[in-house]
Structures are given as C-alpha cells and as structure tokens.
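One structure is given below, encoded as structure tokens.
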Amino acid sequence: MTKTIVEDPYYSIVVDARQRLVVTTPRGLWDFAIAARFLVAQVAALDILPRYGCPLGQQVTLIDCSEWIVQPQQIATMMGGMLADPRLASRRIAILAPAPLLAMQARRVAGGQRFFADRAEALAWLLAPEDDQSP
C-alpha cells in the first residue's frame, strides 16, 4: 500500500507516497496535547515516503485549514514551529485557509508559505512541475 492514513477527531493525515503528497487537515480547537499528538503522528506517517523512493523533504504538503478555527496564540506559534521542523520539511507547502481570520493568523506564523482559498488551485500548484512556480 502506497498510502498512510491517520484519522483523529482533531486532524487527519494522508501521505500518498506515489504522488509524493501529504495532506493534513486540522479540525476544531487545539490544546498542547493535541498539537503534540499531531506532531508524533505526522513524523510517523512520513515514514512511508522513503520506502517508496521519496527522500524525506522531497514531498509536497497541503495543509487544509478549512475545518480549523482561529487558535490560541500559543498553539498557532507551536504550529508555526512545526513548519520549521526538519522532520516535517517539504519541497513545497500550500496552506488552504478560506476563512479570513484564520488566514490572517496563519500568515503571521507561516508567512513564508503559499496561501490559497481554493483547494483545487492549491493542489495544482503543489503537483505542478518544479519549473512551473506560477500561483
């Protein structure tokens, strides 16, 4: 099987080794325990990639925040730190944040990433050839 799927009431993680694609979907209001559980699950889920010829860090990642809400500042900062964690590094990261307040918060903690309001556009950008960097 070339996919790893993790389901939790507060998030899902899908790693598709064939496409070299990771999709995380956080949900609801998080606390530190949920964020820590997510980090452990994310690191473990990425383990499938090298087994199918994708070195860690060469995958692309969609963070779909369409089911998430504005988080307490400490959690938002912690999530921003996860984006800098070398164990979770990706070639490209697209953040889907259709809610305006959540998009503002996400831009504060993950300003170097690409933001999208449309899932299809985010996936198209992520899966486009490397030389196509258009928005």
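Everything quoted here is computed from the prediction, not taken from an experiment. One-based numbering along the sequence shown.
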Set of residues satisfying side chain to side chain donor-acceptor pair (under 3.5 Å) with respect to [X], sequence neighbours excluded:
X    : value
D64  : S66, R119
D8   : R37
R107 : none

Derivation and outcome, side chain to side chain contact (heavy atoms under 4.5 Å, CB included), residues R92 and R114: CA-CA 8 Å; R92 293 185 196 176; R114 292 287 301 265; over 6 Å; no
Please determine whether residues [X] and [Y] belong to a single hydrophobic cluster, defined as Ile, Leu, Val, Met, Phe, Trp and Tyr linked transitively by side-chain heavy-atom distances below 4.5 Å.
X    : Y    : result
V43  : Y52  : yes
L62  : W125 : yes
I93  : L21  : no
L126 : L96  : yes
I95  : F116 : no

Pairwise distance CZ(R51) to OG1(T2) - rounded to 0.5 angstrom: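 It is 11.0 Å, given to the nearest 0.5 Å.
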Atom pair CG (L49) and CG (D16), whose distance is rounded to the nearest 0.5 Å: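 Going from CG on L49 over to CG on D16, the span is 9.0 Å.
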Under 3.5 Å donor-acceptor, R18 side chain and K3 backbone: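 Absent.
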Sidechain-backbone polar pair: Q71 side chain, I69 backbone, donor-acceptor under 3.5 Å: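 Judged by distance alone, yes, a pair lies under 3.5 Å.
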Side chain to side chain contact (heavy atoms under 4.5 Å, CB included) between F32 and I75, worked out: CA-CA 7 Å; F32 286 112; I75 298 301; 3.9 Å; yes
V70 versus L29, closest heavy-atom pair with distance: O-CD1, 4.0 Å
Minimum-distance pair of heavy atoms, taken over all atoms of P98 and A117: CB-O, 4.1 Å
Residues that A45 engages under side chain to side chain contact (heavy atoms under 4.5 Å, CB included), provided they are two or more places apart: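 Counting only residues at least two positions away or on another chain, A45 forms a side chain to side chain contact (heavy atoms under 4.5 Å, CB included) with T4, V6, I13, V15.
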Whether W68 and W30 hold their rings parallel, tilted or perpendicular, with breakpoints at 30° and 60°: perpendicular
Whether F38 and Y11 hold their rings parallel, tilted or perpendicular, with breakpoints at 30° and 60°: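 Because their plane-to-plane angle is over 60°, the rings of F38 and Y11 count as perpendicular.
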List, one per line, each side-chain donor-acceptor pair under 3.5 Å for residues 77-90, sequence neighbours excluded.
| residue | atom | partner | partner atom | Å |
| --- | --- | --- | --- | --- |
| T77 | OG1 | Q73 | O | 3.0 |
| T77 | OG1 | Q73 | NE2 | 3.1 |
| D85 | OD1 | R87 | N | 2.8 |
| D85 | OD1 | R87 | NE | 3.1 |
| D85 | OD2 | R87 | NE | 3.3 |
| D85 | OD2 | R87 | NH2 | 2.7 |
| S90 | OG | Q59 | NE2 | 3.4 |
| S90 | OG | T61 | OG1 | 2.5 |

P50 vs L56 side-chain heavy atoms within contact, under 4.5 Å: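 With C-beta onward as the side chain, the pair touches.
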Contacts of F115 that satisfy ring pair (Phe, Tyr, Trp, His ring centres under 6.0 Å) - sequence neighbours left out: none
